[in-house]
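Below, chains carry the letters A, B, ... as their sequence lines are ordered, and counting in each starts from 1.
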Amino acid sequence: MRQIDVPERDERLVIRRARVADLPGIGTVFSEAIDEGLAFVDDRYAFDWHAEREWLEQFSAANGAVFVAMNGDGIIVGYATIERAGGAKLRHTAEVDTIAVSAPYRRHGVGRALLKEALAWARRQRVKKVCLTVFSSNRKARRLYRSLGFVNDGVERRHVRVGRRYEDLIHMAKWL
Amino acid sequence: MADLSVWGARRVISGRLVRCQVRARKIPLKGGGTVTLRQGRVADAVGLLACVNAVAAEGRYYINERLEVTMAEEHKWIRAHDGGAKGLLVVVISPEGEVVGNMSVSRSRAHKAPFRAELGLGLMAPYRGQGVGRALLEEAVRWSRGHGIKKLTLQVFSSNTRARALYESFGFREDGVNHRHYKVKGRYVDNVNMALWL
């Protein structure tokens, strides 16, 4: 668990592992991100409570973790998920599947703090390569990942279409 | 004849809806003999799994050493690859009637990527390097063109040089390399994403 101060909002946020009780809050942040339309390859994905609960409960310490950022009122304002790959060929890798922060809390270091927790978890699990993907137009996110030591690890050209425009899908990786 | 569907997946012939089918055909092997290519069907499930698991057990070509699926899941997957809008499955049948290879194309289900389909291809060891892969790729491209696919993608280990040479000679180009992404027999290899724009 770690705490981060957001002086501009005069708030202190707690970053910690998610519990089942956090799922509604996580769902709200997720839905906001989906409504913005840019971040995810598949917008139709619906937050299925039963599936999510099962998913969270199935995450043992060894194969995945969900971290949340909670404000002083107990509201979830961001979350990140990291999942370790299975099988002999991929066990040295983990993927940061999602990182989402509610709009009013962006640009305050919440994403950075969540990602740092995920990286610390990966180190404890002796993961060697942490992977993520990001759309080419998402410059703020790419800058954040670079500043934490992620480097480009392959670009799939014109891999998704947002409206009438194609975007590249950028793979980034950080070796631990 | 009117084309009814968005993707051109079905055509109206004499008032009935039919799916684009791959007609069974014999392919001569460079080393002599023939194999048959035809559309995969639910009855192939057991043979198909045996074939996939034989290639997987070699440990050098697929991500997993074994495909963990139930027979019900396999049937569902085959039905979704019936040559309609979702995808296509073609199997390679030996003269003895065994499934010795397979090729699948699956349209991306992601909202932002309906123009993309992913190719999967595998042949049992004695049937490699004999022109079967090329014939399967032709079927993949035919289905993709007929269903509005713009970008046909695949993933291959950097160590699989024979497969990469085949894909390249067919027009696939590297589309992002994920470095040291897999550990194969104790050594890191890259994941090579390849794409063919249609």
Side-chain angles (χ1 to χ4, degrees), chain A residues 31 33-46 84-98 126-138 150-176, chain B residues 53 55-69 106-119 148-160 172-198:
Chain A
S31 305
I34 285 285
D35 289 344
E36 288 178 59
L38 189 65
F40 296 95
V41 178
D42 195 353
D43 293 337
R44 283 174 303 194
Y45 183 82
R84 185 180 195 165
K89 295 194 184 74
L90 274 171
R91 275 180 50 79
H92 64 289
T93 69
E95 171 105 14
V96 177
D97 301 305
T98 318
R126 303 190 191 286
V127 165
K128 296 272 180 286
K129 183 184 185 185
V130 180
C131 308
L132 57 83
T133 56
V134 58
F135 289 175
S136 45
S137 63
N138 197 350
F150 283 85
V151 294
N152 279 13
D153 187 47
V155 179
E156 294 185 88
R157 301 279 172 203
R158 306 205 294 158
H159 206 59
V160 290
R161 203 158 49 198
V162 182
R164 308 185 69 158
R165 205 181 62 234
Y166 281 106
E167 291 229 25
D168 298 343
L169 188 71
I170 300 182
H171 294 252
M172 298 187 84
K174 180 182 168 73
W175 284 84
L176 302 176
Chain B
N53 279 324
V55 178
E58 290 183 64
R60 297 180 179 280
Y61 305 109
Y62 293 164
I63 296 170
N64 295 308
E65 267 83 70
R66 199 178 161 72
L67 192 63
E68 303 288 354
V69 292
S106 314
R107 180 194 295 278
S108 165
R109 288 184 301 180
H111 189 217
K112 294 193 178 82
F115 61 93
R116 227 165 59 199
E118 176 95 359
L119 176 92
I149 296 295
K150 294 276 175 282
K151 186 183 187 182
L152 187 56
T153 61
L154 63 86
Q155 299 182 32
V156 59
F157 294 167
S158 51
S159 50
N160 192 354
F172 281 86
R173 293 292 171 259
E174 270 186 21
D175 187 45
V177 176
N178 310 126
H179 293 95
R180 303 203 287 163
H181 202 65
Y182 298 109
K183 217 174 199 173
V184 178
K185 312 266 181 196
R187 300 175 89 140
Y188 281 121
V189 301
D190 300 339
N191 177 48
V192 182
N193 296 289
M194 299 188 85
L196 175 67
W197 282 87
L198 300 170

Exercise for the section: Give, as side chain, backbone, both or neither, the part of V155(A) having an atom under 4.5 angstrom from any heavy atom of chain B. Expected result: backbone
Problem - CG on N178(B) to CD on E156(A), rounded to 0.5 Å - result: 7.0 Å
Handout entry: Spacing of CG belonging to D153(A) relative to CZ belonging to R180(B), to within rounding of 0.5 Å
Key = 10.0 Å
Exercise for the section: Determine the option with the most heavy-atom pairs under 4.5 angstrom with chain A, choosing from G59(B), A113(B), A195(B). Expected result: G59(B)
Completion exercise
Okay, R158(A) and chain B: the region with an atom under 4.5 Å from a heavy atom over there is both
Exercise for the section: Decide if the gap between the ring center of H92(A) and the ring center of Y182(B) is smaller than 6.0 angstrom. Expected result: no
Handout entry: By side chain to side chain contact (heavy atoms under 4.5 Å, CB included) - contacts of N64(B) (at least two apart)
Key = none
Practice task
Look at the side chain of K112(B) and the backbone N and O of Y166(A), then say whether any donor-acceptor pair between them is shorter than 3.5 Å.
Solution key: no
Handout entry: residues 168-176 of chain A: residues contacting chain B (heavy atom under 4.5 Å, by number)
Key = H171(A), W175(A)
Exercise for the section: Look at E65(B) together with K89(A) and state whether they make a salt bridge at an N to O cut-off of under 4.0 Å. Expected result: yes
Practice task
With rounding to the nearest 0.5 Å, note down the distance linking NZ in K183(B) to NZ in K129(A).
Solution key: 12.5 Å
Problem - R116(B) side chain to H159(A) backbone, donor-acceptor under 3.5 Å - result: yes
Fill in the blank from the handout: Heaviest contributor of heavy-atom pairs below 4.5 Å to chain A, chosen from V177(B), N191(B), D190(B), is V177(B)
